[in-house]
Visitor: 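Okay, here's the structure, questions in a sec.
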Amino acid sequence: MLDKPQSLPEHPNPMSELAKAYEPQAVEEKWYAAWLEAGCFRADENSEKEAYSIVIPPPNVTGILHLGHVLNNAIQDILARRARQEGKEVLWLPGTDHAGIATQAKVERELREKEGKTRRDLGRDEFLKRVWDFKNTHGDIIIKQLKRLGCSCDWSRERFTMDAEYTRWVSQVFVDLFNEGLIYRGKRMVNWCPVSLTALSDEEVIMKASRSKLFTMKYELAESPGEFIHISTTRPETLMGDVAIAVHPKHPKYAQWIGKMVRRPFPEALIPIIGDEMVDLEFGTGALKITPAHDKVDFEIGKKHGLEIIDVLHPDGTINCPALPEFHGLDRFVARRAAAAKLEEMGLLIGIEEYENNVGYSERADVPIEPRISMQWFLRYPEIAKSTDAVASGDIQFRPERWAKTYAHWMENLQDWCISRQLWWGHQIPVWYRKDNFESLKNAESLDTSHTSNKSHPDLYVGVEPPADPENWIRDEDVMDTWFSSWLWPFATMSDVGENSTTLKKFYPTADLVTGPDIIFFWVARMIMAGYRFGGGLPFKNVYFTSIIRDLKGRKMSKSLGNSPDPIDLMDKFGADGLRFGLMRIAPVGADVRFDVATVEEGRNFANKLYNACRFRQMDGNEFAPLPAVKGLPVYHIQVMSKLDQLAEDLNGIYAEYRFGEIAQRLYEFLWNDFCDKWLEAVKADLRESATAEARAAALGTFDAVMSRYLQLLHPYMPHVTEELSERMNYVASGEFVMRKTLPEKPLLAEFSAAETEAAQKQAAAIYETAGRLRNLKAEYNLGSRKDVRFVMKGAVAWLSNELNVLALLAGSTEILVDDSYEAPKGTPAAVTPVGEAYMPMEGLIDVEAERVRISREIEKMRIEVTKSEGKLGTASFVDRAPPEVVAQEKERLEDWKTKLAQLGEMLEALR
RNA sequence: GCGCGCUUAGCUCAGUGGUAGAGCACAUCCUUCACACGGAUGGGGUCGCAGGUUCGAACCCUGCAGCGCGCACCA
């Protein structure tokens, strides 16, 4: 028993150094700290290296990480880390967004709940102080979470959209566009949120299919009592604001009444019937009540016909109609029922029907918005033509490409952007009104500077700095839409106003933008326009649109549904690497993804597999083993190296196409199938005590050569575990990092000819396949776990004798003999393999009847195949017109089937 | 209404004209000294439906259906 030393002095039980299962938590934290410490993420704007840059889509400063962020930022981190490996100088610029409405709403809610106060109770200055406090307390949560994920951002350059320098940029852009006449103020119909009490842009309104009621009512003609015009509406509560009834000029019944007056029931008034082609003849009764203050179409019609505008709603959505005390102050939805009831009481309500229509909701407050006329600031977009063309021509490449169409459609139908918000948290509009004249300026119908230039308007001051005599001026109270700062992000984060910084010169334009398709309009399109106008050119070259993550039922992740797993919990359980890898592996290009925790578990398992493969290697120590000359190495080594070379080469192409899921899949398959299941099993003999020193050196050398490169390839996806293992296996010099290592220039098998590689590959593949066939034989006879099974090979290929040990090891067999004179006893299980006929002597233990049944079944299957194949080859059109190699392949197949069929027939015969 | 996308194994998804795939789940076996977060073997699919093109279609074309998402001034 004691024929070997109990332990080798140089490797005193090395396995004990590593826990059996990989435990990511401590490892991940350790490496992130080490990278920061060593400045691995810092971008050098003076570097000679080729630049590569990404700006992060800034998350809301008080937000918390969700799976969408994880996917999005994992992709950016992968791109950044890969670019560093390619020898580029990488800037991944991080930061956060002040998120006007969202943040202000949070603070207001807290204020209400804790102190029972509103923001107006505090006043603007005090309230803003509270928001800043809130930001300072909660603002770095998401940043910490991104760090936990392993994001390699240059944190020394972190920006916030409300930083002083950034704010100067926002103001400057406003001033420039104002002076150019592209920004104007005016009374327009805007989307009003009755909860947030602010105007919104069209993009912030979400149309939702809603079940509404369509009320049909009748108005009496003033001149001919007893005659009525019928009108349908979903909004009877705005009836008090009706100023006309519109009908289509070709309406068969009502057209004749155009010009007559009808009686508005309450408050009673006479309003005209007008004719307008915008009225749909088909819809409802073909007559439309016109409430210019509360509907976009009505507003247009009203303007055309010079109608009065009667606003019957307060900003908070309650009725404003002192003439009708019973309605005055009622909520709009309560008033709707009340108005219907009153119409019914007056005998004017004809019917109510259930009706499905689209209602615009406020994105943030999730309540129906109110079309409302109010004084707002608007922007006519700059650089529209150039920006449209940039994407159409491919100067900016969208991936997937189809989003370019969505972009083009939006660009072609641009509406002026309402940029003012009636909030306090944000960039205040840099416009001051002369105090003396404030009231008239405040209500001036238009301050459109395309007609009146700023310079010639003595009562208006527009500037980045406050006026020199502030006591004489009153500043506009509104702030700007958050996106009015976001659209400057790619260059305003890299420079100060008017400055052509070295960072900007080196890193602008950025290479890739990674974001969700839901903000093409909000952000992507506007950044392109701003980039052209203010950044000095296109802001990015590629835009990668990520998948939207849904739950298993296909619903969007949302807090209220509670179907959104907390990424931090997932990282606690499975590690950041596991989460990243799992998510990347299922994220398809362009389509939505249904998230399943199981995929994250897979990612964790994968990290564990990798860890254990290295742990196995460490049984032989962790000194880096140099690779012996590759010529003359066993075919298994050549094969695994060529697979790795192939993987490395293929990844270049797949990265170029941004197919991140496929990269993960390929990395997974190589490690698990090619490396662990096949190669590592095949070389176990070479690592036994009994193996020769040469064999051991070759195996260890191959392991280290392949694994060290593989860890590099995997690093962008699983940065922590690859760093940990590279250190433990001494693949990087002490104090160095795998993340800083550039990819090797030459493949492992650079000195091999294609033919040599192929020959080795074929041999190795033949052995692996044969091993599978032999295991299969064992399993069919329920001997899967038996180690004492022997095989006999007949008609074996010449080289097989050298590989019998490996084959036996892989097949789980004590012995494999090559014996052409072997006469199989009747009923001996047999299989055709790429290296010869294999027999599994059973010494008469098998159930002959069962075996006959099995073989008969297989013969049936195979006959079907043969018939199919013969039929195909008997078709003249196929033989004549298909490519020769396809026909040859088919013939070869048929021969194979026939041979097997004959063998099976013999076996069946033998059993008789 | 217009546009876009999706439909492949029980589930999540690969698969761009040549023998239908992976992971999970399932079944059987294996706690063999890298890994049970593991290994081995296996069962499971008329590729949404109907036409067409082609020697050959999951793949290309047409139509239809179902689902999802954008856009739109249907009160």
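Letters A, B, ... mirror the listed sequences (proteins, then strands); counts begin at 1.
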Visitor: Distance check, C1' atoms only: rC26(B) and rG18(B), in whole angstrom units.
Guide: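 Between the two C1' atoms, the distance is 32 Å.
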Visitor: For residues Y710(A) and F670(A), establish whether the separation of their ring centroids is below 6.0 Å.
Guide: yes
Visitor: Need one value for P883(A): base, sugar-phosphate or nothing, where a base atom within 4.0 Å counts as base even if backbone is also close, heavy atoms only.
Guide: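 Base: the residue P883(A), judged by heavy atoms under 4.0 Å, touches a nucleobase.
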Visitor: If you take atom types as modelled and just measure distance, does the side chain of K684(A) reach the base of rA34(B) with a donor-acceptor pair under 3.5 Å?
Guide: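 Yes, a donor-acceptor pair under 3.5 Å.
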Visitor: In residues 234-249 of chain A, what residues come within less than 4.0 Å of RNA chain B, judged by heavy atoms?
Guide: T234(A)
Visitor: Looking only at atom P, what distance separates rA40(B) and rG45(B), rounded to whole Å?
Guide: 24 Å
Visitor: Looking at rA22(B), rU41(B), rC71(B), which one has an atom nearest to any side-chain atom of H409(A)?
Guide: rC71(B)
Visitor: Figure out the CD/P separation between E662(A) and rG15(B), and round it to whole Å.
Guide: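 Result: 7 Å.
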Visitor: So if I take every side-chain heavy atom of D280(A) and compare against rC74(B), rA34(B), rC55(B), which nucleotide ends up nearest?
Guide: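 Taking heavy atoms from C-beta onward, the closest nucleotide is rC74(B).
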Visitor: When the C1' atoms of rA58(B) and rC69(B) are compared, how many Å lie between them, rounded to an integer?
Guide: 24 Å
Visitor: Which atom pair, heavy atoms only, marks the closest approach of V866(A) to K898(A)?
Guide: CG2-N, 4.4 Å
Visitor: State, without any angle test, whether K778(A) and S813(A) hold a side-chain donor-acceptor pair at a distance under 3.5 Å.
Guide: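 Not at all, the side chains of K778(A) and S813(A) share no donor-acceptor pair under 3.5 Å.
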Visitor: For rG23(B), give the paired nucleotide (Watson-Crick: N1-N3 plus N6-O4 or O6-N4; G-U: N1-O2 and O6-N3; both under 3.5 Å), or none.
Guide: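 rC11(B) - that is the nucleotide pairing with rG23(B), both distances being under 3.5 Å.
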Visitor: Would you classify T233(A) as touching base, sugar-phosphate or nothing, given that sugar-phosphate means primed atoms plus P, OP1 and OP2, and contacts are heavy atoms under 4.0 Å?
Guide: sugar-phosphate
Visitor: When you compare rA20(B) with rU28(B), how far apart are their C1' atoms, in angstrom units rounded to a whole number?
Guide: 25 Å
Visitor: From rU41(B), rA34(B), rG23(B), pick the nucleotide closest to the side chain of E602(A)?
Guide: rG23(B)
Visitor: Any donor-acceptor pair under 3.5 Å linking the side-chain atoms of S869(A) with those of E890(A)?
Guide: yes
Visitor: Output the single nucleotide from rC37(B), rA34(B), rU12(B) whose closest atom is nearest the side chain of R594(A).
Guide: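 The nucleotide sitting nearest to the side chain is rU12(B).
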Visitor: In whole Å, what is the span from the NZ atom of K609(A) to the C1' atom of rG39(B)?
Guide: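 Whole-Å distance recorded here is 7 Å.
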Visitor: For residues I271(A) and R264(A), report the shortest heavy-atom separation together with the two atoms involved.
Guide: CD1-CB, 4.2 Å
Visitor: May I ask you to say what N357(A) touches in the nucleic acid, namely base, sugar-phosphate or nothing, with a heavy-atom cut-off under 4.0 Å?
Guide: sugar-phosphate
Visitor: Give one of base, sugar-phosphate or nothing for R604(A), where a contact means two heavy atoms less than 4.0 Å apart.
Guide: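 Here R604(A) touches the bases of the nucleic acid.
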Visitor: Answer with yes or no whether K296(A) presents, from its side chain, a donor or acceptor under 3.5 Å of a partner atom in the base of rC73(B).
Guide: no
Visitor: Looking only at side-chain atoms of N608(A), point me to the closest of rC35(B), rU41(B), rU19(B).
Guide: rC35(B)
Visitor: In the strands shown, is rG38(B) matched to any nucleotide by a Watson-Crick or G-U wobble pair with both distances under 3.5 Å, and which?
Guide: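 rG38(B) is paired, partner rC30(B).
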Visitor: Over how many whole Å does the gap from D677(A) atom CG to rA22(B) atom P extend?
Guide: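 Going from D677(A) (CG) to rA22(B) (P), I get 13 Å.
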Visitor: Looking at rA34(B), does its base get a donor-acceptor pair with the side chain of E681(A) below 3.5 Å?
Guide: yes
Visitor: Heavy atoms only, 4.0 Å cut-off, all strands: where does R617(A) land among base, sugar-phosphate and nothing?
Guide: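 Since no nucleic acid heavy atom lies under 4.0 Å of R617(A), the category is nothing.
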Visitor: Whom does rG63(B) pair with, Watson-Crick or G-U wobble, provided both distances fall under 3.5 Å?
Guide: rC49(B)
Visitor: State which residue, out of D620(A), V683(A), D686(A), fulfils the side chain to side chain contact (heavy atoms under 4.5 Å, CB included) condition with R696(A).
Guide: D620(A)
Visitor: What's the gap between rC55(B) and rG48(B) when it is taken at their P atoms, as a whole Å value?
Guide: 25 Å
Visitor: If you check every side-chain atom of C676(A), which of rA34(B), rC71(B), rC13(B) has the closest atom?
Guide: rA34(B)
Visitor: Under 6.0 Å between the ring centres of W403(A) and F398(A)?
Guide: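 Centroid distance W403(A)-F398(A): not below 6.0 Å, so no.
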Visitor: The side chain of R881(A) lies closest to which of these nucleotides: rA75(B), rG5(B), rC55(B)?
Guide: rC55(B)
Visitor: Roughly how many Å apart are rG51(B) and rC73(B), using the C1' atom of each and rounding to a whole number?
Guide: 40 Å
Visitor: For a ring pair (Phe, Tyr, Trp, His ring centres under 6.0 Å) with F606(A), tell me which candidate from Y611(A), Y717(A), F581(A) qualifies.
Guide: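 When ring pair (Phe, Tyr, Trp, His ring centres under 6.0 Å) is applied between F606(A) and each of Y611(A), Y717(A), F581(A), only F581(A) qualifies.
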Visitor: rG39(B), rA75(B), rU12(B): which one has an atom nearest the side-chain heavy atoms of W672(A)?
Guide: rG39(B)
Visitor: Between the side-chain atoms of R615(A) and the base atoms of rC35(B), is any donor-acceptor pair under 3.5 Å?
Guide: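 Side chain to base: no pair below 3.5 Å.
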Visitor: Any chance the side chains of S201(A) and E204(A) put a donor and an acceptor closer than 3.5 Å?
Guide: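 Yes.
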Visitor: Mind checking who rG44(B) pairs with, Watson-Crick or G-U wobble, both distances under 3.5 Å?
Guide: none
Visitor: Both distances below 3.5 Å, Watson-Crick or wobble geometry, any strand: find the nucleotide opposite rC55(B).
Guide: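 rC55(B) is paired, partner rG18(B).
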Visitor: Quick test of your reading of the model: are E662(A) and R666(A) salt-bridged, counting only N-O distances below 4.0 Å?
Guide: no
Visitor: What integer number of Å spans the P atoms of rG17(B) and rA57(B)?
Guide: 14 Å
Visitor: Measure from the side-chain heavy atoms of T406(A) and tell me the nearest of rG70(B), rG18(B), rC33(B).
Guide: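 Shortest atom-to-atom distance from the side chain points to rG70(B).
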Visitor: Determine which nucleotide pairs with rG1(B), using a 3.5 Å limit on both distances of a Watson-Crick or G-U wobble pair.
Guide: rC71(B)
Visitor: Given rG23(B), rG70(B), rC4(B), which nucleotide is nearest the side-chain atoms of Y668(A)?
Guide: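 It is rG23(B).
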Visitor: Determine the contact category for E601(A): base if any of its heavy atoms lies under 4.0 Å from a base atom, sugar-phosphate if only primed atoms, P, OP1 or OP2 are that close, otherwise nothing.
Guide: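 If one applies the 4.0 Å heavy-atom cut-off, E601(A) turns out to touch nothing in the nucleic acid.
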Visitor: Which whole number of Å gives the distance between the C1' atom of rC11(B) and that of rC59(B)?
Guide: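 My reading of the C1' atoms in rC11(B) and rC59(B) gives 24 Å.
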Visitor: Rounded to whole angstrom units, what separation is found between the CZ atom of R550(A) and the C1' atom of rC11(B)?
Guide: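 In whole Å, rC11(B) C1' and R550(A) CZ are 18 Å from each other.
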Visitor: Check the distance between rA36(B)'s P and N612(A)'s CG and give it to me in whole angstrom.
Guide: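 So the two atoms are 7 Å apart, to the nearest Å.
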